[in-house]
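Written below as structure tokens is the structure these notes are about.
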Amino acid sequence: MSVTQLRDTNDRPASADNAERPGADPAASHADATGQGAENPGTRSRPLPSPAPIPAREGPRQLWFDGELHDASAQQAALDTHALHYGSGVFEGIRAYATADGAAVFRLPEHLERMRRGTELLGLAFDPAQATEAVLATLRANGHRDAYVRPLAWAGEGNFGLDVEGHRSHLMVATTATQVHLNGTRARIGVSRWRRNPADSLPPLKLCGAYVNSILAKREAKARGFDEALFVDADGRVVECTGANVFIVKDGRVTAVEHRDALPGITRDTVMALSGAAARAVGLDELRDADEVFACGTAAEVAPIAEVEDRRYGANPVTRELAALYARVVRGEETSRLAWLTPV
């Protein structure tokens with residue numbers, strides 16, 4: 001099925017059972033507001049020549065810390081750092097890609113706006129403009145084109161206790177060429193016995209302490225022989241994976257799993273805009289009955305799911321087409337989506 005056919009399928013009216021759930025994903029509204037989800041990008045592409053390799057940088061890897069670049073190995077956090085004890089930090093996972101015009105960061109403003117919301121909740125000082133320059137400066141310093149980017153803001157050294165006040169706010173940015181998650185592989189998923197943090201207890205943002213929930217679920221899944229864990233709520237509704245959102249495909253129609261406890265992912269928003277997918281609640285039984293299941297996230301990109309527990313899926317043709325389209329978008333080959341790229 002072509003991307004054009006895929007969007008046509010998703011544009012057809014759904015049955016009453018497939019109506020979009022009230023309370024649209026906040027991230028998805030960005031695409032609607034900017035008109036980014038209105039056209040078919042698959043018909044407007046340009047070839048991408050193989051980028052010239054960047055020579056490996058000599059010397060230690062650099063990271064950005066509180067306004068300056070430093071050797072990564074030379075930096076240390078004080079042992080009384082508040083975030084080390086209480087998880088009082090906010091991070092993002094961001095990707096840079098090699099394009100025909102040089103390295104570019106994918107949807108950088110959206111990532112830093114989400115990070116700003118998290119730092120605001122914790123009372124941490126954070127300037128998105130400074131963070132933008134820090135990301136670009138670190139990528140340049142390390143000579144990275146294809147890279148994973150990790151900005152982290154946290155409450156620093158000071159007295160023990162839960163109060164963040166009186167602790168200095170810090171910001172760092174590190175970049176690495178290492179792949180850190182599913183990375184497009186056909187993963188085997190186990191349903192976790194752990195529940196996702198409820199949104200009325202912990203907001204679905206990238207708060208450091210909240211990710212202990214994901215660590216526990218992933219450890220359990222790997223102990224059972226799976227690659228990744230799937231969170232399901234007490235009513236049997238699918239939430240998300242430990243670090244990725246979930247989509248299903250049935251009869252050619254793509255649906256984004258919607259749940260109030262799930263992170264409103266930026267890659268999820270991207271895939272919804274590219275595919276025309278609607279978002280609604282999905283039960284575990286419906287997911288098992290789907291023709292295809294895939295996960296998506298900044299690190300995972302668009303990753304086909306091979307199996308969920310004992311339910312095996314086939315060749316994932318729609319997922320693979322979306323993954324190919326996503327790869328063209330992030331590398332600047334789709335001219336209608338160049339606004340999503342920030343040149344390095």
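Throughout, numbering of the chain's residues begins at 1 and tracks the sequence. Owing to the predicted nature of the structure, the values given are computational and were not obtained by experimental measurement. Values reported hereafter were calculated over all heavy atoms of this structure, with side chains retained and with hydrogens, waters and symmetry mates removed.
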Determine, step by step, whether H259 and E240 satisfy the side-chain contact (heavy atoms from CB on, under 4.5 Å) criterion, reporting the C-alpha distance in whole Å, the side-chain angles of both residues, the deciding distance to 0.1 Å, and the verdict. CA-CA 8 Å; H259 199 287; E240 60 182 343; over 6 Å; no
Should K250 and D289 count as side-chain neighbours, where that means a heavy-atom distance under 4.5 Å? yes
For F247 and M272: C-alpha separation, side-chain torsions, deciding distance, then whether side-chain contact (heavy atoms from CB on, under 4.5 Å) applies. CA-CA 10 Å; F247 284 72; M272 289 179 67; 3.9 Å; yes
Polar side chain donor-acceptor pair, T270 to R107, under 3.5 angstrom: yes
T81 versus E157, side-chain donor and acceptor atoms under 3.5 Å: no
Answer yes if the side chains of S214 and R196 hold a donor-acceptor pair under 3.5 Å, and no otherwise. yes
If you take all heavy atoms of A229 and A221, which pair is closest and at what distance? CB-CB, 3.8 Å
NZ/NE/NH1/NH2 to OD/OE distance under 4.0 Å, E120 and R116: yes
Would you say the side-chain atoms of H70 pair up with the backbone N or O of A72, donor to acceptor, closer than 3.5 Å? no
Any ion pair linking E309 and R224 (charged N to carboxylate O, less than 4.0 Å)? yes
Among H85, H170, H167, H82, which residue satisfies the ring-ring contact (aromatic ring centres under 6.0 Å, His included) criterion with W154? H170
When you check the side-chain N and O atoms of T267 and E301, is any donor under 3.5 Å from an acceptor? no
Out of curiosity, does F91 fall in the hydrophobic cluster containing L63 (side-chain heavy atoms, cut-off under 4.5 Å, transitive links)? yes
Is NZ or CZ of R328 both nearer than 6.0 Å to the six-membered ring centre of Y326 and within 45° of the ring axis? no
W194 with V238, same ILVMFWY side-chain cluster at under 4.5 Å: no
Count I, L, V, M, F, W, Y as connected when their side-chain heavy atoms are under 4.5 Å apart, and connections chain through other members. Are L230 and V239 then in the same cluster? no
If every non-hydrogen atom of R186 is compared with every non-hydrogen atom of N316, which pair is closest and at what distance? NH2-OD1, 2.9 Å
Can a donor-acceptor pair be found, under 3.5 Å and without considering hydrogens, that links the side chain of D233 to the backbone of R237? yes
Determine whether more than 12 heavy atoms belonging to other residues, nucleotides or ligands lie under 6.0 Å from atom CG of D200. yes
Does the side chain of Q62 pick up a donor-acceptor pair with the side chain of T138 at under 3.5 Å? no
Main-chain N/O of V318 paired with E292 side-chain donor or acceptor, under 3.5 Å: yes
Within-4.5 Å side-chain heavy-atom neighbours: P264 and D269: no
Using a 3.5 Å distance criterion without hydrogens, assess whether the side chain of N142 forms a donor-acceptor pair with backbone atoms of H144. no
Closest contact, heavy atoms only, Y148 versus G93: OH-CA, 3.1 Å
Do side-chain atoms of D227 reach the backbone of R188 as a donor and acceptor pair under 3.5 angstrom? yes
Linking Ile, Leu, Val, Met, Phe, Trp and Tyr through side-chain heavy atoms less than 4.5 Å apart, which residues share a cluster with Y86? F160, L162
Does CZ belonging to R195 count more than 12 external heavy atoms closer than 6.0 Å? yes
side-chain contact (heavy atoms from CB on, under 4.5 Å) for E286 and I248? Distances and angles first, verdict last. CA-CA 9 Å; E286 182 181 1; I248 65 170; 3.7 Å; yes
Show which residues join L112 in its hydrophobic cluster (side-chain heavy-atom contacts under 4.5 Å, direct or indirect), or state none. W64, L69, V90, I94, V105, L108, M115, L121, L122, L124, F126, V135, L136, L139, V149, V164, L171, V173, L202, L205, L207, V344
Using every non-hydrogen atom in the two residues, find where A256 and R268 come nearest and quote the distance to one decimal. CB-NH2, 4.0 Å
Under 3.5 Å, side chain of D146 to main-chain N/O of Y97, donor-acceptor pair present? no
Any donor-acceptor pair under 3.5 Å from R95 side chain to V330 backbone: no
Taking the side chain as everything from C-beta on, heavy atoms only, tell me whether R114 gets closer than 4.5 Å to H111. yes
Please answer whether the main-chain N or O of A155 pairs with a side-chain N or O of R168 as donor and acceptor at a distance below 3.5 Å. no
Go through K206 and L263 one step at a time and tell me if the side-chain contact (heavy atoms from CB on, under 4.5 Å) criterion holds. CA-CA 8 Å; K206 298 186 85 69; L263 182 78; 4.1 Å; yes
Look only at the side chain of E228 and the backbone of A187, and say whether a donor-acceptor pair between them is shorter than 3.5 Å. no
Got S192 and K218 here, is their nearest side-chain heavy-atom distance under 4.5 Å? no
Would L287 and F226 show up in the same hydrophobic cluster when neighbours are defined by side-chain heavy atoms closer than 4.5 Å? no
